[in-house]
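For reference, the structure discussed in these notes is given below.
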Amino acid sequence: MTSFKLFGLSFLIISISTGLLCLAYEYPLIATSSPYSLFDFTMFGLLLAVMSYSLVYIVLPVLSHLKNDLQFTHSDKAFYSIYTLLCLHFFILVGGYLESGMYIREGADFLYYYKGAGNSLIYVLTGTVTSLIIATLYATKHSVPEYDTKE
């Protein structure tokens with residue numbers, strides 16, 4: 001599977017799953033005080049596209065190089081899944097800290113997205129599921145077959 005297909009698949013998974021969960025739990029897709037506009041949907045789509053792009057074209061190739069440098073010989077799927085989730089949740093913590101620093105007068109909070117109920121938890125859940133699926137597909141694509149050396 002090519003990187004472009006992985007990008008498209010990750011964008012579809014995160015877009016559809018976020019939309020369906022927001023509908024099922026009756027949360028707005030985009031947290032905004034005004035009625036939805038084309039600009040809001042465009043920005044939301046761009047945000048999802050940037051997240052999908054950075055997963056497929058930045059995080060996974062960097063992890064691939066890291067795996068080769070560390071000469072990691074165990075399960076590719078476990079390696080990519082664990083480290084992709086660590087990267088994702090690191091960015092969620094940093095993003096929550098930066099966003100909460102803009103809006104909360106008491107100060108910034110790393111757990112801003114995890115404390116909020118509603119949209120932010122749906123975004124975290126769908127991002128986690130998408131990352132696991134794409135990391136597994138990427139590991140399957142880039143895995144080196146193990147040869148039986150016992151003879």
Side-chain angles (χ1 to χ4, degrees), residues 1-70 72 74-104 108-145:
M1 185 173 283
T2 65
S3 294
F4 184 73
K5 286 182 182 179
L6 283 175
F7 167 71
L9 183 63
S10 68
F11 183 74
L12 281 175
I13 290 171
I14 200 163
S15 300
I16 292 170
S17 61
T18 301
L20 289 176
L21 284 174
C22 285
L23 281 173
Y25 290 102
E26 298 178 356
Y27 287 116
L29 184 61
I30 306 164
T32 180
S33 57
S34 62
Y36 289 144
S37 67
L38 182 60
F39 177 76
D40 292 332
F41 282 113
T42 304
M43 292 306 293
F44 184 68
L46 282 173
L47 176 66
L48 294 180
V50 166
M51 296 305 241
S52 297
Y53 179 86
S54 56
L55 170 67
V56 173
Y57 289 102
I58 297 172
V59 172
L60 291 173
V62 167
L63 288 178
S64 182
H65 288 294
L66 182 65
K67 181 182 166 295
N68 291 336
D69 289 345
L70 295 176
F72 188 81
H74 300 291
S75 171
D76 286 347
K77 291 180 183 178
F79 176 83
Y80 285 112
S81 298
I82 290 169
Y83 286 105
T84 300
L85 288 179
L86 287 175
C87 290
L88 171 73
H89 288 282
F90 172 76
F91 289 122
I92 289 171
L93 290 171
V94 171
Y97 181 80
L98 294 174
E99 185 173 348
S100 65
M102 292 180 358
Y103 298 116
I104 300 175
D109 184 10
F110 278 108
L111 300 176
Y112 178 71
Y113 289 133
Y114 296 102
K115 288 181 180 179
N119 295 38
S120 60
L121 293 179
I122 289 175
Y123 299 155
V124 170
L125 173 69
T126 57
T128 301
V129 170
T130 302
S131 295
L132 284 174
I133 292 170
I134 298 302
T136 303
L137 291 173
Y138 186 85
T140 303
K141 172 187 165 191
H142 292 287
S143 65
V144 177

State the [atom1]-[atom2] distance between [X] and [Y], to the nearest 0.5 angstrom.
X	Y	atom1	atom2	result
Ser54	Leu88	OG	CG	9.0 Å
Tyr138	Ser131	OH	OG	14.0 Å
Ser3	Lys141	OG	NZ	4.0 Å
Leu55	Ile133	CG	CD1	11.0 Å
Tyr113	Ile92	OH	CD1	9.0 Å
Leu137	Lys77	CG	NZ	8.5 Å

Contact check, side chains of Leu66 and Leu63, non-hydrogen atoms, under 4.5 Å: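 Result yes, sub-4.5 Å side-chain heavy-atom pair found.
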Can you see which heavy atom on Pro28 is nearest to which on Asn119, and at what distance? O-ND2, 2.5 Å
Step through the shown structure and confirm whether more than 12 heavy atoms of other residues, nucleotides or ligands are within 6.0 Å of CZ on Phe41.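 Buried by this count: over 12 neighbours within 6.0 Å.
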Does Phe7, at its CZ atom, have more than 12 non-hydrogen atoms belonging to other residues, nucleotides or ligands within less than 6.0 Å?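 Yes, enclosed.
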Non-neighbouring partners of Tyr97 that pass ring-ring contact (aromatic ring centres under 6.0 Å, His included), sequence neighbours left out: Phe110
For Tyr57, all residues meeting ring-ring contact (aromatic ring centres under 6.0 Å, His included), sequence neighbours excluded: Tyr53
Residues which pass side-chain contact (heavy atoms from CB on, under 4.5 Å) with [X], listed by chain and number, not counting sequence neighbours:
X	answer
Phe90	Val94
Leu38	Thr42
Lys5	Met1, Thr2
Phe44	Thr18, Leu29, Ile30, Leu48, Tyr123

Residue pair Met51, Phe11: steps toward the side-chain contact (heavy atoms from CB on, under 4.5 Å) verdict: CA-CA 8 Å; Met51 296 305 241; Phe11 183 74; over 6 Å; no
Under the side chain to side chain donor-acceptor pair (under 3.5 Å) test, which residues partner Ser52, sequence neighbours left out?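 With sequence neighbours excluded, Ser52 shows a side chain to side chain donor-acceptor pair (under 3.5 Å) to Ser10, given in chain and number order.
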Got a sec, which residues hit side chain to side chain donor-acceptor pair (under 3.5 Å) with Thr136, two or more places apart in sequence or on another chain? none
Could you go through Tyr112 and Ser120, starting from their C-alpha distance and side-chain angles, then the distance that decides it, and tell me whether this counts as side-chain contact (heavy atoms from CB on, under 4.5 Å)? CA-CA 9 Å; Tyr112 178 71; Ser120 60; over 6 Å; no
Pairs satisfying side chain to side chain donor-acceptor pair (under 3.5 Å), at least one member in residues 82-91, at least two apart: His89-Tyr114, His89-Thr128
Any sub-3.5 Å donor-acceptor pair from Thr130's side-chain atoms to Gly127's backbone N or O? no
